[in-house]
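Counting starts at 1 for both ligands and their atoms, following the listed order. Quick caveat, the model's predicted, so the values are computed rather than measured. FYI, side chains are in, hydrogens and waters are out, and symmetry mates aren't considered; it's all heavy atoms of this structure.
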Amino acid sequence: MPVIDLATLAARLPARPLTRFAPSPTGYLHLGHVANAVWVWGITRALGGRVLLRLEDHDRGRCRPDYESALLDDLEWLGLIPDVGTVAELRRGPSSFRQSDAGEIYEAALAGLASRAGVFACDCSRKDLIRASGDVFNEETPYTGRCRSRGLAPALGRGMRLRVDPGLERFDDARLGPREQTPAVQCGDLLLRDRFGQWAYQFAVVVDDLRHGVDLVVRGEDLLESTGRQLLLGRLLGRASPPVFLHHPLIRKPGGEKLSKSSGDTGVRELRAAGVTAAEVLGRAAFLTGVQPSDVPLAPDELAKLFGVG
Ligand SMILES: [Zn+2]
């Protein structure tokens, strides 16, 4: 039984589709990233497509240049070669494939969005958001709409949000099938830029997928619930047809618990230092994410065959 129906997926895409591998340099590369890379490169090569490498360093507080250069080193060591946004280009300096170099692009996209949709300034602090939602606040707590009709002028110390009206977003996940989501209920008015001037993940990633021409988004199931809001945002930004989404399983330790970057046994650097080969790392990640039946080594040019080609 193949992992996905490749022919059906190919029929939804252009001839040489563009996918992306888009890590955040907030730490060192670990098996969870490698599992995502196995899906991204494997499916893309099986489809005869191209992989774009994008560094999602929109969070200036958590991203570091040394993590970025380690990430590029580890990708090269693993033999995972992007076709667009090459490692050499990213090493050379400013690049349109690095979010921290794209501030002017996000400014222009925000201005365009504000001319077409309800964008408003919001001065809610974290404390305000917690107070408004009682004690149940977490990152997924929907925005209450407090600043929607206050008419605040955009200013330093104020975030920017997109008004999200009730409505259903439908999409057909290439692995999970038809899905329906309601962003107004899930997240409410979407944060585009935070109070400290940092671009929000959801906004930066949708602007990037549009400007880079990404046809297929292959990512972990932890981002499944973000899809509806990203479809809505993409449409309002002027995207004529959305990318195809494919959400894959996250990897688990043999005991069942989720892997984290902090656990030393899953870092590519640690495995490499312990004498594990690149093919063994790729093979282990492919095994842990369910695309090969056992933990055996796998060369980069063997990834396509996991998805039915080769
Ligand atoms: Zn507010």
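Partners of Asp194 by side chain to side chain donor-acceptor pair (under 3.5 Å), not counting sequence neighbours: none found. Applying the side chain to side chain donor-acceptor pair (under 3.5 Å) test to Glu68 and every residue at least two apart in sequence or in another chain returns Arg98. Residues passing the side chain to side chain donor-acceptor pair (under 3.5 Å) test with Asp189, sequence neighbours excluded: Arg148.
Protein atoms of type N, O or S found under 2.8 Å from the Zn ion (ligand 1) total 4.
The backbone N or O of Ala35 sits nowhere less than 3.5 Å from a side-chain atom of Thr289 that would complete a donor-acceptor pair.
Salt bridge Asp83/Arg45: present, at least one basic N to carboxylate O contact under 4.0 Å.
Cluster annotation: Leu113 is connected to Val164 through the hydrophobic network of ILVMFWY side chains, with a link wherever side-chain heavy atoms come within less than 4.5 Å.
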